[in-house]
Amino acid sequence: QKSKEKKTEDVAAAAVPSRKKMNIPLSVMDAPSVVTGFQASAPSRRISPEDLPGRGDLVAIDTEFVSVQHERSTLTSKGSKVTVTEGRSVLARVSVIDCRQVRVRSVIIDDYVLPTEPVVDYLTRHS
């Protein structure tokens, strides 16, 4: 009986990927940014490791996307829409807010992401 239980535990453990702590270098926060005109962040904007949220802390994430390819579709003789090519969107802005407490420096990241493809629609009607 014990070997059967042990085997079940081993299978369950194998099904769940191990969670490794990601060690992201703080230099990422100093990377040139669209917001800073491609200059490194000013020392006053840098976040110290003590100020970053930890495991289990609540953060809010907001993202904005732009369209880099329009959807192409046709209508059948019965009026049904048939999609020929799916539209594609890419990340254009990301904001991360520390929700542990309301304070002046609660913005962790608020930056634009430069698409590598031409933007065909900024999707401002959704904003």
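Excluded from the calculations below are hydrogen atoms, water molecules and symmetry mates; all remaining heavy atoms, backbone and side chain alike, are included. Residue indices begin at 1 and follow the sequence shown.
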From V84, T83, T85, residue fulfilling side-chain contact (heavy atoms from CB on, under 4.5 Å) relative to E71
T83
How long is the span from the OG atom in S89 to the CD atom in E86, to the nearest 0.5 Å?
10.5 Å
Do the side chains of V82 and T76 get nearer than 4.5 Å, heavy atoms only?
yes
List the atom of C99, the atom of A60, and the distance in Å for their closest heavy-atom pair.
SG-N, 3.6 Å
Sort out for me which residue in V94, I97, V59 forms a side-chain contact (heavy atoms from CB on, under 4.5 Å) with I109.
V94
Report yes if the side chains of R125 and L123 come closer than 4.5 Å at any heavy-atom pair, otherwise no.
yes
Residue pair D121 / H70: nearest heavy atoms and the distance that separates them
CB-CE1, 4.0 Å
Test item: R93 and T63 side chains (from C-beta on) under 4.5 Å apart, heavy atoms:
no
Looking only at heavy atoms, what is the nearest atom pair of P115 and V119, with distance?
CG-CG2, 3.9 Å
With clusters defined by side-chain heavy atoms of hydrophobic residues (ILVMFWY) lying less than 4.5 Å apart, directly or transitively, does V107 cluster with L58?
no
